[in-house]
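Residue numbers start at 1 and run along the sequence shown.
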Amino acid sequence: MRRVGPAWRVTLGLPFALVAAGAGQAEPVAPPGLAARSDVAASSDMRRLAHWVVRSNDAHGRPFIIVDKVAARVFAFRSDGSLRGEAPALLGLTRGDISPPGIGDRKLADIGPADRITPAGRFEAEMGRDLTHDVLWVDYDAAISLHRVVTNKPAERRLARLATASASDNRISYGCINVPAAFYEAIVAPLFRPENGVVYVLPERRAFADVFAAAASSDSPPSSWHIGAKPVSGPPRHSLPARADITAPKSGGL
């Protein structure tokens with residue numbers, strides 16, 4: 001059961017308002033570290049992965065996001081490893097961790113329920129566009145992106161699904177990661193527009209160690225550890241090689 005978020009998170013009861021930020025405040029105060037908050041629904045795998053990303057500097061000094069599919073939740077981190085914010089998410093209709101071959105080249109009408117999967121793994125992410133809106137491309141080739149919640153099909157009740165306390169009804173998309181509009185606009189886009197980053201998607205069918213072997217073999221975060229420390233020194237930050245197609249209009253899996 002997923003608890004309803006505290007005031008500093010994106011709340012669904014006040015038209016997606018970031019309550020703690022205030023209407024005219026551009027930068028909400030960063031919340032305390034995860035381990036210091038009993039109300040943050042962070043799984044042990046999510047904590048282990050975040051701990052490893054910070055300690056190993058796997059994101060190379062860039063912002064990163066961790067998607068916990070089991071909890072249907074997204075955690076966004078600044079480039080220094082501190083937690084920027086977190087919110088509920090809608091995910092692929094079918095549980096699974098591997099995108100079907102060639103899924104990114106299919107029309108939405110040709111993607112059956114069994115193939116509507118949000119893949120697990122580590123993804124070099126970059127801001128771009130689908131056919132209509134700006135999105136954070138997670139896996140461009142598979143047409144998987146993180147974007148504002150889609151509301152053009154009222155029967156799918158996507159806003160209502162985001163608002164419930166349970167994660168059991170958050171499976172509805174074609175594979176993309178839907179988040180509250182205010183979370184996308186106030187947290188995700190400002191983090192990734194200045195530079196590229198990394199999105200980590202936790203598995204739900206495969207073992208954690210099969211997807212994130214290095215993180216699984218690393219030390220578990222100590223009980224006193226909290227996400228907020230700067231990454232250890234490591235490889236210099238870098239950007240993705242220039243791609244002419246990454247911002248080309250493409251139909252994403254809504």
Side-chain angles (χ1 to χ4, degrees), residues 10 12 16 18 59 62-69 72-79 84-94 96-100 102-111 115-153 156 158-159 161-162 170-202 239-254:
V10 173
L12 300 175
F16 298 117
L18 286 169
R62 296 172 295 165
F64 64 95
I65 282 174
I66 296 179
V67 180
D68 187 336
K69 289 197 287 180
R73 212 145 188 95
V74 171
F75 298 80
F77 297 83
R78 295 181 176 90
S79 58
R84 176 67 178 84
E86 52 94 17
L90 302 181
L91 303 162
L93 176 67
T94 297
D97 298 312
I98 301 175
S99 292
I103 191 72
D105 296 323
R106 295 193 215 169
K107 296 178 181 179
L108 290 180
D110 296 331
I111 301 176
D115 291 338
R116 298 174 187 179
I117 294 170
T118 301
R122 180 191 187 278
F123 302 93
E124 293 279 342
E126 186 170 345
M127 294 295 295
R129 295 190 65 83
D130 62 12
L131 291 178
T132 54
H133 300 101
D134 60 299
V135 300
L136 177 65
W137 283 112
V138 176
D139 185 344
Y140 182 81
D141 293 334
I144 300 296
S145 65
L146 186 153
H147 56 70
R148 303 169 186 85
V149 60
V150 176
T151 59
N152 60 349
K153 294 183 179 180
E156 292 183 342
R158 294 200 183 197
L159 290 178
R161 291 170 184 270
L162 280 175
N170 288 44
R171 311 309 292 256
I172 188 65
S173 81
Y174 281 76
C176 283
I177 302 156
N178 287 214
V179 296
F183 180 79
Y184 177 89
E185 292 166 0
I187 293 180
V188 175
L191 279 177
F192 284 82
R193 277 198 182 111
E195 58 181 334
N196 303 320
V198 182
V199 172
Y200 303 86
V201 183
L202 291 170
S239 297
L240 288 172
R243 286 186 56 178
D245 63 342
I246 197 68
T247 56
K250 181 171 185 173
S251 177
L254 301 177

At what distance, to the nearest 0.5 angstrom, does [atom1] of [X] lie from [atom2] of [Y]?
X    : Y    : atom1 : atom2 : value
L93  : Y174 : CG    : OH    : 9.5 Å
L108 : R116 : CG    : CZ    : 8.0 Å
I111 : L254 : CD1   : CG    : 9.0 Å
Y184 : H133 : OH    : NE2   : 10.0 Å
N170 : N178 : CG    : CG    : 10.0 Å
T94  : R171 : OG1   : CZ    : 8.0 Å

With no hydrogens and no angle check, is any side-chain donor or acceptor of [X] less than 3.5 Å from a backbone partner on [Y]?
X    : Y    : value
R62  : V198 : no
W137 : R129 : yes
T118 : G92  : yes
S145 : H147 : no

R193/E195 salt bridge by N-O under 4.0 Å criterion: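 A salt bridge is absent here (no side-chain N lies under 4.0 Å from a carboxylate O).
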- prompt: Among all residues two or more places apart in sequence or in another chain, which pass the salt bridge (Lys or Arg N to Asp or Glu O under 4.0 Å) test with R148?
  reply: D134, E185
task: Would you indicate whether the side-chain heavy atoms of V199 and L136 approach each other to under 4.5 Å?
output: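 Of all side-chain heavy-atom pairs linking V199 with L136, at least one is under 4.5 Å.
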Which atoms form the tightest heavy-atom contact between [X] and [Y], and what is the distance?
X    : Y    : value
I187 : A76  : CG2-CB, 3.8 Å
N196 : A125 : CB-O, 3.5 Å
K69  : G96  : NZ-O, 2.6 Å
L146 : V179 : CD2-CG2, 3.8 Å
P88  : P180 : O-CD, 3.3 Å
I103 : A142 : CG2-O, 3.7 Å

query: With a cut-off of under 6.0 Å to the ring centre and 45° to the axis, is R84 in cation-pi contact with F77?
result: no
- request: Could you walk me through whether V74 and V188 pass side-chain contact (heavy atoms from CB on, under 4.5 Å), step by step?
  value: CA-CA 10 Å; V74 171; V188 175; 5.7 Å; no
task: For R106 and D115, run side-chain contact (heavy atoms from CB on, under 4.5 Å): C-alpha distance rounded to whole Å, both residues' side-chain angles, the deciding distance at 0.1 Å, then the answer.
output: CA-CA 11 Å; R106 295 193 215 169; D115 291 338; 2.9 Å; yes
- request: Classify the ring geometry between F64 and Y200 as parallel (under 30°), tilted (30 to 60°) or perpendicular (over 60°).
  value: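 The rings of F64 and Y200 stand perpendicular, inter-plane angle above 60°.
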query: Who are the side-chain contact (heavy atoms from CB on, under 4.5 Å) partners of I172, not counting sequence neighbours?
result: L90, E156, R158, R161
